[in-house]
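These notes are about the structure you will find just below.
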Amino acid sequence: MPTTIPTTTFSTRPGSPSAGDAYFETDTKNYIIYDGANWRSYINDGIDYGANAYSLEFDGANDYINLSSNVSISGAFSISMWVYPDDIAGYIILGSTSTDNIFVYANSSGTLQIRGGTGFTTNVVSSTNLTAGSWQHVVITRDAGLNYTFYRNTTSNAVTGATSTDSDIAFNRIGANSTVQFGTFDGKMDDLAFYNKELSASEVASIYDNNLHASGLVAFYRFEDGSGTSLSDVVGSNDGTLTNFPASPWSTNTPY
Amino acid sequence: MNYVIIDSSEVNSVDFDQVAETSADTLRYSLDGTKTFVKYEGTQPFFLLGKTEYDNEEILAILSGPEWTSDEII
């Protein structure tokens, strides 16, 4: 049963509150609670979660998305995404046209890996296998020591070559790599998020169970555009451009 | 969605208002660069008339071959 919190605005806060009074400010989107002497404001995280009405369908032939700039990563980072493979055929899920040419790849068995980097110094192969025909939550994390962990539906799996020596990497393409010649993603994708920190197992579970994202987001693609050829970054301005997609690639099949 | 393979030399004749591809710069080419493909919904565009149409399953089978896809990354 939901609890309805009374609403107010910043300029019309109640003049004679009692300790414990709580409101939602419709203009600032913050929660405020009176502590007996002052209003305490609990600031919103700036993310418009809204309803999850859409995902995006990639045809596996040549659909991909170019980001307007690099999602540059140094040291610890995490990637969270929902994917629904239509097929397991060997394809790029995330890629880059930058000089380090980093990419996230699923081979013809569905085995997830992250490869590339300057001098091909990132060569991490997980024991995590995607399967066709269902939504799966995939998270890749790297700690400050450049050690990788892969999660599928909150379960972490063993990896080989888990430690990279390439701290600085940059993604700027979704669904393909720079040459579009290692296969392009075939299936649906939703809620792709990049973090500037290593997500903990509990934070991964929070995303999977409740769609609650931790702090540290540097780019977040909710795939809620629903029309047009843009993919909006809801925490920054690194929007994407749908490339080679048909007129209506937006799907109402979503993971939650 | 229908797909048609064309020679790279025919790219200049493609009307990108009638296919899903964004431009000549975003086409996917065979590894030797001699072929590419375009896709469209509905009626086959006039400039592609007579060429073999493939559906998504058929084109993916073709694209997975050595002519189009680099050796798999193990």
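In the text below, chain A, chain B and the rest are named by the order of the sequence lines, each starting its count at 1.
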> Given a strict heavy-atom distance threshold of 4.5 Å, which part of Leu63(B) is in contact with chain A: side chain, backbone, both, or neither?
Replying inline: side chain
> Checking Tyr3(B) against chain A: side chain, backbone, both or neither under 4.5 Å from a heavy atom?
Replying inline: side chain
> Between CG of Asp86(A) and CG of Leu60(B), what distance do you get to the nearest 0.5 Å?
Replying inline: 9.0 Å
> Atom CZ of Arg28(B) and atom OH of Tyr64(A): how far apart are they, to the nearest 0.5 Å?
Replying inline: 11.0 Å
> Given that the side chain runs from C-beta out, which part of Thr26(B) has a heavy atom under 4.5 Å from chain A: side chain, backbone, both or neither?
Replying inline: both
>> Please classify the contact between Thr179(A) and chain B as side chain, backbone, both or neither, with a heavy-atom cut-off of under 4.5 Å.
In response: neither
>> Is Ala176(A) close to chain B through its backbone or its side chain, or both, or neither, when contacts mean heavy atoms under 4.5 Å?
In response: neither
>> Nearest 0.5 Å, please: how far is CD in Glu21(B) from CG in Asn62(A)?
In response: 4.5 Å
> Do other residues, nucleotides or ligands put more than 12 heavy atoms under 6.0 Å from Tyr54(A) OH?
Replying inline: no
> Do Glu57(B) and Asp87(A) pass the side-chain contact (heavy atoms from CB on, under 4.5 Å) test, and can you show the C-alpha distance, the side-chain angles, and the key distance before you say yes or no?
Replying inline: CA-CA 10 Å; Glu57(B) 185 176 351; Asp87(A) 191 16; over 6 Å; no
>> I'd like to know if the side chain of Lys39(B) reaches the main chain of Asn244(A), judged simply by a donor and an acceptor atom lying under 3.5 Å from each other, with no hydrogens or angles considered.
In response: yes
> Of the backbone (N, CA, C, O) and the side chain (C-beta and beyond), which part of Asp186(A) lies under 4.5 Å from a heavy atom of chain B, both, or neither?
Replying inline: side chain
> With only heavy atoms counted, which part of Tyr91(A) is less than 4.5 Å from chain B, the side chain, the backbone, both or neither?
Replying inline: neither
> Which atoms form the tightest heavy-atom contact between Met1(B) and Pro246(A), and what is the distance?
Replying inline: CE-CB, 2.9 Å
>> Can you tell me how far apart CG (Asn56(B)) and CG (Asp59(A)) are? Round to the nearest 0.5 Å.
In response: 5.5 Å
